[in-house]
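Working notes, beginning with the structure itself.
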There are 2 protein chains.
Amino acid sequence: MPVTIREVAKAAGVSITTVSRALNGYSDVGEKTRRKVALVAQELNYRPSAVARSLVMNQTKTIGLLVSELTRDRVGHFFMFQVMYGMHDRLAELGYDLILVSTTTSRQRLVSYLDFCMERRLDGVIVMGIRLDDPYIQEVVDSPLPSVVIDLPLLSDHCGYVTTDNVHGAKLAVRHLAGRGHRKIGFVNGYSQAAVSRDRKRGYEEGLLQAGLGYDETLIHEADFTLQGGSDGLKHLLQSHPDMTAVFFASDLMAIGGLQYARELSIRVPEELAIVGYDDIELAEFSTPSLTTIRQKRQEMGMRAAEMVVGIMKNRAAPQGILLAPELVVRDTT
Amino acid sequence: MPVTIREVAKAAGVSITTVSRALNGYSDVGEKTRRKVALVAQELNYRPSAVARSLVMNQTKTIGLLVSELTRDRVGHFFMFQVMYGMHDRLAELGYDLILVSTTTSRQRLVSYLDFCMERRLDGVIVMGIRLDDPYIQEVVDSPLPSVVIDLPLLSDHCGYVTTDNVHGAKLAVRHLAGRGHRKIGFVNGYSQAAVSRDRKRGYEEGLLQAGLGYDETLIHEADFTLQGGSDGLKHLLQSHPDMTAVFFASDLMAIGGLQYARELSIRVPEELAIVGYDDIELAEFSTPSLTTIRQKRQEMGMRAAEMVVGIMKNRAAPQGILLAPELVVRDTT
DNA sequence: TTGCAAATCCAAAACGTTTCCGATAGACTG
DNA sequence: CAGTCTATCGGAAACGTTTTGGATTTGCAA
């Protein structure tokens, strides 16, 4: 059994109150007793119980990371891991910890996300990788629980979001391709239920129009963010548009899939076909040829989300929608 | 403020004790009052506080996922994400939650891993991606805290481990290459401080000897598990051994890096150079040519780790070392 | 010496559960 | 009818903290 504050108090010859105040740096405790208490606590290897503290202070210093379909998702980690890094780092700085909660967690308990958060008395939630059509997500957003959503523009009294400016990102890609002289630019989009997909599609359209190019529905293929989907998408587009000279993929993974398909058909990149991806995952730089892409600041996304959620908790900052600026990274596929 | 058990008791006209027992399915409560209590709890939207429960029951039902250098690591996620999936899933089934703790967490708090676990009163820990030379890891393993380590053979009274049989895995790779007629087989190893690297190196050696091939130190290059490291490794080996016809990489990522380098030099794979990777990450199947590799059952690793840690906690299972069998997956690079 | 403010300290309540132990009532046994 | 057993319930302690409010001591000026 761990040593309690009571034993420290007894050993130091002071009251429980004094131990608490001494260790927490309050002013109304004498310098001598403070040192004595610190020493005794050290000797006894005392670690204050976070759970007891949580109970009385009515805050757990824990925020939940809500990820849907954690198990099913086989590609999301390229994007999500770094976001998680940023989140965790900043949260640690702010004195908070991260607990994982996914559909599996709640399904196996037969409670909703929200119920789970309530039971564990989480101070806040960050939601990531949730599909637009997840029925439970609205529940947590509607609740008074402070929350921040990644890549989904949900805004309410207690809920903010952070995302990349995907419209602008897609425009950057198209503008870049148009600037290279391409007139017929295809688009392989991600999972249609994702908000980012809608935005990138809109950016693609607007980019085309701004460049004075026509918009053609049939130049768009809806895929699923996977490698295979990218490959299939390019194949499909090339069949209906053999004269297409450039393709914009809504994710690097799909772009790499496209690269592979191009190689199979001995299509030279970028001479015969230019390719732009999205995300700037680690692999983008090292594919051959290296991938031109739109960089998302994933780590910063996580950090901003972390900051916002504790900001909301402390009523310091109102929930808001943060749009991070994407960057065009030009490499060898264009 | 959330509704407490007291309010439920008052509303249902029974005692606190009865509410607790009714909701937790004890037998000594009448069917009628049980229904009444359940109804009232439902109506009031009562969620029992996990933290109060933790305090009194002396268990938090949460286990920590210890990952070192979380932020620095830019390649580990290829391997770790699925392990995490498996862990989280099985833990959820068993009624436990997962909390993230990494060096950043403890460094910013100026406490060690162990202190963190103690303060949060974690029921157990799973350690992953820790380097052999991490000074803090021994501390947690030595502690009475139930723990399971992934890919590092640490065994004690309260600490078990689960890993793939890396010696055997490497042997499978070498045997396969030898069976294809290769006589001069290079090896690009991972980060030398990793236990898996040592095992794979041993497997490489033993495999060569078993195949009747000589063992040559200079055919080994120590890299770092990264794409770039794989590329550089192959380059280095080819410079000193131009007649090498096959290379075994200690990770798929490095193997893909090698593939890229081979393509740059127009070395045909597998005709001029055969390549075998390790891990069977998602990308392995979709690289061109698709990668022959040694599959690790990552999800199962996570699940077994989860099972073991709660097993140790409940004194049901003694800590043990679990060696998961790797599988040779033959694709187009051999 | 007295009075008062400041500096230290402590007892006890509170947080929301679980559980031990005892109480009550009815049912059954003899 | 007395006694025992079972089913059902409640009181109160306990878990390990923080914090409120007051108590005690000290220092210093009047």
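Each chain gets a letter, A, B and so on, in the order the sequences are listed, and its residues count up from 1. Note that the structure is predicted; figures quoted are calculated from it, not measured.
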Determine the contact category for [X]: base if any of its heavy atoms lies under 4.0 Å from a base atom, sugar-phosphate if only primed atoms, P, OP1 or OP2 are that close, otherwise nothing.
| X | value |
| --- | --- |
| B:Arg47 | sugar-phosphate |
| B:Val51 | nothing |
| B:Ser20 | base |
| B:Asn58 | nothing |

Atom-pair distance ([atom1] on [X]; [atom2] on [N]), nearest Å:
| X | N | atom1 | atom2 | answer |
| --- | --- | --- | --- | --- |
| B:Gln59 | C:dT18 | CD | P | 12 Å |
| B:Met57 | C:dC20 | CE | C1' | 14 Å |
| A:Leu55 | C:dC15 | CG | C1' | 4 Å |
| A:Arg21 | C:dC9 | CZ | C1' | 10 Å |
| A:Arg121 | D:dT17 | CZ | P | 20 Å |
| B:Arg34 | D:dA7 | CZ | P | 13 Å |
| A:Tyr46 | D:dG16 | OH | P | 10 Å |
| B:Arg6 | D:dG11 | CZ | P | 12 Å |

Please state whether the phosphate of [N], meaning OP1 or OP2, lies under 4.0 angstrom from any side-chain nitrogen or oxygen of [X].
| X | N | value |
| --- | --- | --- |
| A:Thr33 | C:dC9 | yes |
| B:Tyr26 | D:dA7 | no |
| B:Ser15 | D:dC9 | no |

Among [options], which nucleotide sits nearest the side chain of [X]?
| X | options | answer |
| --- | --- | --- |
| B:Asp28 | C:dT17, D:dT18, D:dC9 | D:dC9 |
| A:Ile5 | D:dT18, C:dT17, C:dC9 | D:dT18 |
| B:Val29 | C:dT17, C:dA14, D:dC9 | D:dC9 |

inquiry  = Tell me whether the side-chain N or O atoms of A:Thr17 pair up with the base of D:dT19 as donor and acceptor below 3.5 Å, since no angle test is needed here.
reply    =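 When only heavy-atom distances are counted, A:Thr17 does reach the base of D:dT19 through a donor-acceptor pair under 3.5 Å.
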
query = Is the base of C:dT17 touched by the side chain of B:Thr4 through a donor-acceptor pair closer than 3.5 angstrom?
reply =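 No such pair is found, so the answer is no.
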
Just so I know, are the side chains of [X] and [Y] near enough to count as touching, which here means a heavy-atom distance under 4.5 Å?
| X | Y | value |
| --- | --- | --- |
| A:Tyr96 | A:Val309 | no |
| B:Val125 | B:Tyr113 | no |
| A:Met118 | B:Asn45 | no |

key: Check: A:Tyr26 main-chain N/O paired with A:Arg34 side-chain donor or acceptor under 3.5 Å   =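 Looks like yes, one N/O pair under 3.5 Å.
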
ask   = Is there a donor-acceptor pair closer than 3.5 Å between any side-chain N or O of A:Ser20 and the backbone N or O of A:Ile16?
value = no

message = Tell me every residue that passes salt bridge (Lys or Arg N to Asp or Glu O under 4.0 Å) with B:Asp28, counting only those two or more places apart in sequence or in another chain.
response = B:Arg21

message = On DNA chain D, does the nearest nucleotide to B:Ala52 precede the nearest nucleotide to B:Val19 from the 5' side, or the other way round? Give the residue.
response =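 This one resolves to B:Val19.
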
